[in-house]
Every structure is written in structure tokens, then in C-alpha cells.
Asker: 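Okay, here's the structure, questions in a sec.
Read the numbers this way: they start at 1 and go in the same order the structure lists the ligands and their atoms. Quick caveat, the model's predicted, so the values are computed rather than measured.
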Amino acid sequence: MAEPCINPVARAFSAAAHSYDSEAALQREVGLRLLEQLPSMLQVDSWLDLGCGTGYFCQQLQQRFPDAQGTGLDIAPGMLQQARALRPGPDYLCADAAAVPLAAQSQDLVFSSLALQWCEDFASILAEAGRILRPGGVLAFSSLASGTLYELGLSWQAAGSTGRVNRFRTQDDYRQHCANSGLQTLQLECRPHVQHYADVRAVTRHLRGIGAQHLQQGERPGLLGRNAYQRLLHSYEQLRQPAGLPVTWQVVYGVLRKPA
Ligand SMILES: C[S@@+](CC[C@H](N)C(=O)[O-])C[C@H]1O[C@@H](n2cnc3c(N)ncnc32)[C@H](O)[C@@H]1O
């Protein structure tokens with residue numbers, strides 16, 4: 001089947017596919033925490049990892065549910081190439097999370113870690129998950145909320161740049177969408193995760209390495225005028241902590257069940 005046409009998000013993640021695993025410490029931590037939140041008695045004959053990237057959590061799900069039929073889905077062909085090579089086993093599909101090519105009521109578990117923040121229409125993602133889940137099935141997701149990368153956003157502002165950090169849904173948006181989804185919310189919480197870097201260059205290198213360079217829209221630091229770039233550096237330096245320059249990720253964790 002032809003791969004869907006490449007949108008900017010898919011292009012960025014495909015380009016980062018080879019560096020992703022070595023830069024994805026936070027993504028590992030978040031996904032493992034999400035796995036811990038799955039209901040303990042959940043019976044799973046089939047699962048879907050939505051936005052599976054290089055397939056790390058497909059492998060985790062396979063270990064946890066060894067007899068189940070597993071599917072990894074991602075919009076970035078480059079990520080899927082890595083997944084197929086490094087973590088064979090599940091079916092891997094190249095598709096958009098908003099239009100999953102799987103039958104209604106075919107899955108017991110839809111797992112999605114740090115992918116859905118890229119999908120503009122969260123309501124339609126929840127509707128799609130509700131369509132493919134069997135009654136009693138579970139959607140477990142982690143995603144990013146506003147406040148993510150706020151240090152970088154402040155520094156862009158100080159540089160007087162039109163560049164800005166992508167806007168994320170607020171925690172309240174997530175709450176509202178989940179409440180209106182027809183799924184039962186078992187759990188919804190937001191936790192900040194803070195990473196530290198030696199300097200701004202290391203921050204932007206990391207964002208590129210995980211395919212998230214488009215988090216900074218507009219100008220790139222390298223294209224700022226010299227004075228503006230100095231203002232950006234100076235502003236970020238004001239936030240320095242003993243461990244380095246902080247980068248905050250506001251992570252939403254949600255576990256929802258389709259009513260039986
Ligand atoms: C930060 S990575 C997370 C990958 C994996 N879940 C993990 O935790 O390692 C985000 C992934 O979501 C995928 N993605 C973004 N938008 C998507 C969409 N609309 N449909 C399917 N996948 C999408 C990207 O291609 C990327 O592989």
C-alpha cells in the first residue's frame with residue numbers, strides 16, 4: 001500500500017529516526033510510567049500503539065501481552081523503517097492517528113505515548129479510539145500540555161523574535177475532551193518532567209534529535225541576528241539551575257475505558 005503523503009511532522013520524525021532512540025530518555029520514562037498505569041486485570045487479545053515511533057513500546061507491549069495480536073501505527077515512514085528493523089513482530093502501519101485503518105471494535109487496548117500532542121483535533125482522535133476499541137477496552141495515552149518548553153518560549157520572547165514554541169492544549173482542554181468523548185475517564189493527571197542541558201545549543205540539538213525541532217516555529221536560533229541571539233542566550237541563562245539549563249515538559253497521563 002502507498003505510504004500517506006509526508007506532512008511536516010512526519011518529515012521531521014522520519015529525519016530523526018536514527019537519532020531518536022539515543023535521545024529518548026524522557027520518552028522512555030514517560031512511556032514506562034504509562035504502562036504502569038494500565039488496569040491490572042485488563043484482558044488483551046489485540047493492542048494498537050498509536051504513534052509508535054521506533055517501536056520501543058510495541059516491544060514492551062509484546063512482552064506484557066505475549067499472546068496478543070499487536071499493531072504499531074505511525075505517520076512517519078522513517079520511524080516505521082527503524083521499528084520494523086529493530087523490533088520486528090507486530091504489524092506496522094503507516095497512517096494518521098485520526099484515520100486508523102483498523103476495523104471497529106477490533107482492539108482491547110490503544111496505547112499512545114507522547115504522540116497525540118501533534119494531532120490538532122484531539123476530539124477526533126478520541127472518537128477514533130472509541131470506534132476501534134471493543135466495549136470494556138482501554139485507551140492509555142500520554143501527551144504534552146501547555147507549559148511545555150516554557151523556558152524556551154520566554155527566551156524567544158526576550159530575543160524579540162517571531163519564533164515561538166508551539167502552543168499545546170491546556171490541561172483543562174484535555175479534561176474537557178476526555179469528559180465529552182463517551183469514554184469513561186479512569187485517570188487523568190499532569191506531571192512536570194524537567195531535563196537539564198549545558199547550554200542552548202544542547203537544548204536545540206536535543207529537540208532536533210527527537211524530531212521535535214518544529215516545536216520552535218518561525219526563525220531558528222541560528223538565523224537570528226547576533227544581538228537577538230545574545231538576548232536569547234542571556235534570557236535562558238537567567239533560568240540556569242545547578243544541574244544546567246532547564247527544559248520543562250508538562251506531561252498529561254490519561255487512562256479511559258470504553259463502557260461495556
Ligand atoms: C515523540 S515520538 C514518540 C514515539 C513513541 N511513542 C515513543 O514513546 O518512543 C512521536 C511519534 O508520533 C508520531 N506521530 C505524530 N503525529 C502523528 C499522527 N497524526 N499519526 C500517527 N503518528 C503520529 C511521530 O511520527 C513520532 O514517531
Asker: Determine whether the aromatic ring centres of residues Phe122 and Phe141 are separated by less than 6.0 angstrom.
Answerer: yes
Asker: Under a 3.5 Å threshold, yes or no: a donor from one side chain and an acceptor from the other, between His234 and Gln238?
Answerer: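 Yes - a donor-acceptor pair under 3.5 Å links their side chains.
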Asker: Identify whether the distance between the nearest side-chain nitrogen and carboxylate oxygen of Arg205 and Asp199 falls below 4.0 Å.
Answerer: no
Asker: Under a 3.5 Å cutoff, is there a donor and acceptor pairing between the side chains of Tyr197 and Gln195?
Answerer: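 On atom types as modelled, these side chains qualify, holding a pair under 3.5 Å.
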Asker: I'd like to know if the side chain of Asp91 pairs up with that of Gln69 as donor and acceptor (distance under 3.5 Å, no hydrogens or angles considered).
Answerer: yes
Asker: Kindly list each side-chain donor-acceptor pair under 3.5 angstrom involving residues 29-46, sequence neighbours excluded, with atom names and distances?
Answerer:
from: Glu29; atom 1: OE2; to: His193; atom 2: ND1; distance (Å): 3.2
from: Gln37; atom 1: OE1; to: Gln187; atom 2: NE2; distance (Å): 3.0
from: Gln37; atom 1: NE2; to: Glu189; atom 2: OE2; distance (Å): 3.4
from: Ser46; atom 1: OG; to: Ser106; atom 2: O; distance (Å): 2.7
from: Ser46; atom 1: OG; to: Arg134; atom 2: NH1; distance (Å): 3.3

Asker: For ligand 1, run through the N/O pairs with the protein that fall under 3.5 Å and put one pair on each line.
Answerer:
from: ligand 1; atom 1: 6 (N); to: Gly51; atom 2: O; distance (Å): 2.8
from: ligand 1; atom 1: 6 (N); to: Ser113; atom 2: O; distance (Å): 2.9
from: ligand 1; atom 1: 9 (O); to: Tyr20; atom 2: OH; distance (Å): 2.9
from: ligand 1; atom 1: 19 (N); to: Asp96; atom 2: OD1; distance (Å): 3.1
from: ligand 1; atom 1: 20 (N); to: Ala97; atom 2: N; distance (Å): 2.9
from: ligand 1; atom 1: 22 (N); to: Ile75; atom 2: N; distance (Å): 3.2
from: ligand 1; atom 1: 25 (O); to: Asp74; atom 2: OD1; distance (Å): 2.6
from: ligand 1; atom 1: 27 (O); to: Asp74; atom 2: OD1; distance (Å): 3.3
from: ligand 1; atom 1: 27 (O); to: Asp74; atom 2: OD2; distance (Å): 2.7

